[in-house]
Amino acid sequence: MKLERRQFIRLAASAAILPALSLRRAVAQPLPNPAGVAAPSASERAAMAQVARAFMEKYDVAGLSFAVGYAGEIVHRDAFGVADRERNEAITPMHLFRIASVSKTITSATIFGLIEQGRLKLADKVFGSGGITGTD
């Protein structure tokens with residue numbers, strides 16, 4: 001499975017930004033118990049590993065980690081590669097990464113995608129009275 005950089009960024013933006021960008025106040029509903037969510041199967045873990053390793057090889061990435069969340073809880077996490085090439089230190093899901101300003105690009109792409117879908121206007125107010133997120 002080959003994952004292009006642009007596709008990866010879209011997936012990452014959707015996974016990271018959209019849940020945090022609430023466009024309407026949600027009606028409170030009971031959430032399913034994350035403990036009841038089955039762990040990924042061996043074939044699902046292998047498929048995720050294949051995508052991760054292909055991305056790392058294509059873009060010369062030393063290491064990466066990811067987490068899958070459901071109902072506000074992390075239900076699966078994994079890591080690939082090394083945290084430090086010189087010391088050959090294996091990376092773990094607990095390592096922290098510097099993302100610098102990449103989040104600005106992801107946020108911008110997501111916002112303009114929402115504008116194209118008609119779910120957001122460029123002039124919409126985000127914070128404060130009358131804002132999408134209200135005064136919280």
Side-chain angles (χ1 to χ4, degrees):
M1 170 185 242
K2 190 171 186 171
L3 185 65
E4 296 296 322
R5 185 173 184 214
R6 187 173 296 260
Q7 292 171 313
F8 177 79
I9 290 172
R10 281 189 190 132
L11 290 172
S14 297
I17 303 299
L18 286 179
L21 186 62
S22 174
L23 299 178
R24 294 182 183 87
R25 290 198 180 261
V27 177
Q29 298 177 356
L31 295 173
N33 181 0
V37 175
S41 67
S43 64
E44 290 169 329
R45 287 192 311 274
M48 288 186 275
Q50 182 181 7
V51 170
R53 292 187 199 293
F55 179 85
M56 290 170 65
E57 184 177 323
K58 182 173 183 175
Y59 297 104
D60 191 31
V61 174
L64 65 84
S65 71
F66 70 90
V68 177
Y70 180 77
E73 299 290 329
I74 294 175
V75 296
H76 178 69
R77 65 181 94 198
D78 209 344
F80 303 90
V82 294
D84 185 334
R85 286 181 173 164
E86 291 175 3
R87 294 185 297 184
N88 201 29
E89 176 188 350
I91 200 159
T92 71
M94 301 311 292
H95 275 92
L96 301 178
F97 291 86
R98 294 178 183 220
I99 61 169
S101 292
V102 73
S103 59
K104 294 174 189 170
T105 306
I106 294 169
T107 301
S108 175
T110 303
I111 287 171
F112 281 98
L114 292 169
I115 290 169
E116 288 174 352
Q117 295 171 16
R119 296 173 59 191
L120 188 67
K121 295 183 199 96
L122 192 54
D124 283 350
K125 188 175 177 183
V126 177
F127 302 105
S129 177
I132 294 169
T133 59
T135 57
D136 294 341

*Sequence neighbours left out, what passes side chain to side chain contact (heavy atoms under 4.5 Å, CB included) with Ser108? Give chain and number order.*
Phe112
*State plainly whether one hydrophobic cluster holds both Met94 and Met48, where clusters connect Ile, Leu, Val, Met, Phe, Trp and Tyr through side-chain heavy atoms under 4.5 angstrom apart.*
no
*Run through the side-chain heavy atoms of Ile, Leu, Val, Met, Phe, Trp and Tyr, join any pair under 4.5 Å, and report what else lands in Ile91's cluster.*
Phe97
*asked:* Using every non-hydrogen atom in the two residues, find where Ser65 and Pro93 come nearest and quote the distance to one decimal.
replied: CB-CA, 4.1 Å
*Inspect the contact between Arg85 and Asp60 and indicate whether a charged nitrogen and a carboxylate oxygen are less than 4.0 angstrom apart.*
yes
*Apply side chain to side chain contact (heavy atoms under 4.5 Å, CB included) to Ser129 and list each qualifying residue two or more places apart in sequence or on a separate chain.*
none
*By side-chain hydrogen bond (donor to acceptor under 3.5 Å, both in side chains), which residues pair with Asp84, not counting sequence neighbours?*
Arg87
*Closest heavy-atom contact between Gly63 and Met56?*
CA-CE, 3.9 Å
*Can you name the residues that form a side chain to side chain contact (heavy atoms under 4.5 Å, CB included) with Ala90, not counting sequence neighbours?*
none
_Under the rule for side-chain hydrogen bond (donor to acceptor under 3.5 Å, both in side chains), what residues qualify as partners of Gln117, not counting sequence neighbours?_
Arg119
*Atom CD1 of Ile106 and atom CD1 of Ile111: how far apart are they, to the nearest 0.5 Å?*
12.0 Å
*For Ala67, what residues pass the side chain to side chain contact (heavy atoms under 4.5 Å, CB included) criterion, not counting sequence neighbours?*
Ile74, Arg77
_Thr133 to Val126 - nearest heavy-atom pair and separation_ = OG1-O, 2.7 Å
*Look at the aromatic rings of Phe66 and His76 and report parallel, tilted or perpendicular, splitting at 30° and 60°.*
tilted
_How long is the straight-line distance from CG of Asp78 back to CZ of Arg45, given to the nearest 0.5 Å?_
8.5 Å
